[in-house]
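Taking it in order: structure first as structure tokens, then the write-up.
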Amino acid sequence: MAKEKKVEQITDMEVDFAQWFTDICTKAELVDYSGVKGLFILRPYGYAIWENIQSELDRRFKATGHENVSMPLLIPESLLQKEKDHVKGFAPECAWVTMGGSEELQERLCIRPTSETLFCDHWSHIVHSWRDLPCLYNQWCSVLRWEKTTRPFLRGREFLWQEGHTIHTTEQEAREETLRMLDVYAELCESYLAMPVIKGNKTDKEKFAGAVNTYTIECMMHDHKALQSGTSHYFGDGFTRAFDIAFTDKDNTLKYPHQTSWGMSTRIIGGIIMTHGDNNGLVLPPRIAPVQAVVIPIAMHKEGVADKAQELVARLKAAGLRVKGDFSDNSPGWKFAEWEMKGVPLRIEIGPKDIEAGKCVAARRDNGEKCDVSLAELETRIPELLDAVQLGMFDKAKKNLDEHTYTAKTTDEVCEALKNGGGFVKTMWCGDEACELAMKDKAGVSSRCIPFEQQRVGEVCPICGKPAKEMIIWGVAY
RNA sequence: CGGGGUGUAGCGCAGAUGGUAGCGCGCAUGGUUCGGGACCAUGAGGCCGGGAGUUCAAGUCUCCCCACUCCGACCA
């Protein structure tokens, strides 16, 4: 009789969700702790997931006309000071370099928490004419923010990300860019990471320091909390004026370009874990899994088994899949549990009985289903199964999102809806920040976004009772 | 930065009233195994988070640090 729980090392998520998360991060060999709080080591398996996300995103950035650059690590304090809202937002969590060798620096240097100011300073040197625009830049780097409490992937002091920065001749063009890049994130999340998203606008309270508009994609985790999975900002010309990035337009007048920035970080890996993982470990969407299928020989010492398993690995590799064979001397059961913990989407078992029957056994990580696959059809059936896993994972996540999204007309209804297990609540909203704060007070939720897809779920703001402007989504956020 | 928890072998832990460290797993070697975390034998592995103090003697008692972790406030 099969045991219900196969991996002893991982705490059940029902028992302690945070511990479950941390267990997966370490037991699946994604991260290790370093000697400095909030600075994590991405181990090869964890980094490989990031590399796959990175290559998918990079491909899309380039397809939409962007170029990669590399900006300095350090920002002179005077540069950071130039845009007042921006400094106010980031100053509390900046780390500073004050010494060079044994000399104290005449101006202290901030280790970049984000690079808007660096890009703007650079553009002020190189942009003179409408012919120089747009500048469509992106950089892959890490940034540093001195967070108080830290967790692997979800909140590090240093984290890897990409930051796109663009400037355009007109507001319209910049606004289109902002939404275009939000769509890139949304498409990656849904099609590759199997994470359904809600696209929307952040309230003024929640928007990025210095931005005119902040757009977001919000995802729901297993514990029904929200994870902001990507953001895209429209800045207007606030920074470009502050940094004096003036250009001469076609009509020979001096103008300031309109700016955007957008980012996605390794936090998304935390999102993948908390969207798809289960009590046996990580579950990775096939499209970004470093190993899409693992071949496990059964009774490896028996004549021909190891060779046959090697042959399967070679055939699947030749078919373009990311495949690994586990020929270690661990027992098959050990290997099953190990690769489950690491979230490999498909396990392929091949033993003496299979070889005799001209087949192998494929087991899906997402739902545990096993099926026989004829060796003759290997190259067509395995990719089909991977597609099925990918879709199955999305549907499961979508179901979680739908089943824990409620609508409410009063604050009491909001509290009632969140009573067992939390989730997202849609209400109308007057647009007043005071009501946003009051909701946090009364129901313990913050605004996640004002969704692009609006519904009329009432007529008045549930807090103040005044006529409502729009629908907003509330939730507890990571 | 406020509150809680934890630091002893790689990991998980045990070490009464102080006497110079032990168990399980893992690791190494050899052998038997192999369709859901196999077993036997042998072996390696320790500045007991750090620093002061008390004492003939500190993993153990007293102070002070530090790190990790969880819950709040702030953020991707």
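Proteins come first, then strands; the chains are lettered A, B, ... in the order of their sequence lines, and each starts at number 1.
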Given the C1' atoms of G59(B) and G51(B), what is the spacing between them in whole Å?
16 Å
Tell me the interatomic distance from R157(A), atom CZ, to C1(B), atom C1', rounded to whole angstroms.
12 Å
How do C360(A) and T231(A) order along RNA chain B: which one's closest nucleotide is nearer the 5' end?
C360(A)
Assign K353(A) to base, sugar-phosphate, or nothing according to its heavy-atom contacts below 4.0 angstrom with the strands shown.
base
When the C1' atoms of G7(B) and G50(B) are considered, how many whole Å apart are they?
11 Å
Look at the side-chain N and O atoms of S331(A) and state whether any lies under 4.0 Å from the OP1 or OP2 oxygen of C34(B).
no
Quick check: any donor-acceptor pair below 3.5 Å linking the side-chain of D354(A) to the base of G35(B)?
yes
Any donor-acceptor pair under 3.5 Å from R145(A) side chain to P113(A) backbone:
yes
Indicate whether the side chain of W339(A) and that of D326(A) have a donor and an acceptor atom separated by less than 3.5 Å.
yes
Taking only the C1' atom of each, what is the distance from U42(B) to C66(B) in whole angstrom?
41 Å
Just to be sure I understand the rule, does G89(A) reach a base, reach only the sugar-phosphate, or reach nothing, if contact means heavy atoms closer than 4.0 Å?
nothing
Can you tell me how far C1' in C63(B) sits from the matching atom in G22(B), rounded to whole Å?
30 Å
Measure CG/D329(A) against C1'/G30(B) and give the value in whole Å, please.
12 Å
Please give, in whole Å, the distance from C27(B) C1' to W334(A) CH2?
12 Å
Any-strand Watson-Crick or G-U partner of C13(B), both distances under 3.5 Å
G22(B)
Taking the same atom, P, in A41(B) and in G24(B), what whole-Å distance lies between them?
12 Å
Strand partner of G72(B), provided both Watson-Crick or wobble distances fall under 3.5 Å:
C1(B)
Any strand is fair game: report the nucleotide pairing with C61(B) by Watson-Crick or G-U wobble, both distances under 3.5 Å, or none.
G53(B)
Counting the atoms with a prime plus P, OP1 and OP2 as sugar-phosphate, which does V361(A) contact under 4.0 Å by heavy atoms, base, sugar-phosphate, or nothing?
base
Expected string for nucleotides 66-73 of chain B under the B/S/- scheme (protein heavy atoms, under 4.0 Å, primed atoms plus P, OP1, OP2 as sugar-phosphate) is --SSSBBB
Quote, to the nearest angstrom, the C1' distance that separates G5(B) from A9(B).
23 Å
Strictly distance-based, threshold 3.5 Å: is any side-chain N or O of E190(A) a donor or acceptor partner for the main-chain N or O of V197(A)?
yes
Would you measure the distance from the P atom in A58(B) across to the matching atom in C1(B) and give it in whole Å?
35 Å
For K302(A) and U32(B), give me the distance from atom NZ to atom P, rounded to whole Å.
14 Å
Give G263(A) one of three labels, base, sugar-phosphate or nothing, depending on what nucleic acid heavy atoms sit under 4.0 Å from its own.
nothing
Looking at F452(A), does the NZ or CZ of K199(A) lie under 6.0 angstrom from its six-membered ring centre and within 45 degrees of the ring axis?
no
Flag for T260(A)-T178(A): side-chain donor and acceptor within less than 3.5 Å:
no
Under a 3.5 Å cut-off for both distances, is G7(B) Watson-Crick or wobble paired, and to whom?
C66(B)
Within the distance-only criterion (no hydrogens, no angle test), does the side chain of R322(A) pair as donor or acceptor with the backbone N or O of P286(A) below 3.5 angstrom?
yes
U32(B) pairs with which nucleotide, Watson-Crick or G-U wobble, both distances below 3.5 Å?
A38(B)
Ring centre gap for F90(A) and F208(A) strictly below 6.0 Å
yes
So, is A73(B) syn or anti if syn means the angle is within 90° of 0?
anti
Under 3.5 Å on both distances, the Watson-Crick or G-U partner of G43(B):
C27(B)
Rounded to whole angstrom units, what separation is found between the CZ atom of F90(A) and the P atom of C74(B)?
15 Å
Do R347(A) and G35(B) share a donor-acceptor pair, side chain to base, under 3.5 Å?
no
Between Y234(A) and H258(A), what is the ring plane arrangement, given parallel below 30°, perpendicular above 60°, and tilted in between?
parallel
Got a sec, which pairs hit ring pair (Phe, Tyr, Trp, His ring centres under 6.0 Å) with one end in residues 260-281 of chain A, sequence neighbours left out?
F61(A)-W262(A), H66(A)-W262(A)
Please work out whether U20(B) sits syn or anti, treating a glycosidic angle within 90° of 0 as syn.
syn
With the 90 degree cut-off around zero defining syn, does C47(B) come out syn or anti?
syn
Which is true for Q228(A) with a 4.0 Å heavy-atom rule: it touches a base, it touches only sugar-phosphate, or it touches nothing?
sugar-phosphate
In whole angstrom, give me the gap between the P atoms of C71(B) and G18(B).
38 Å
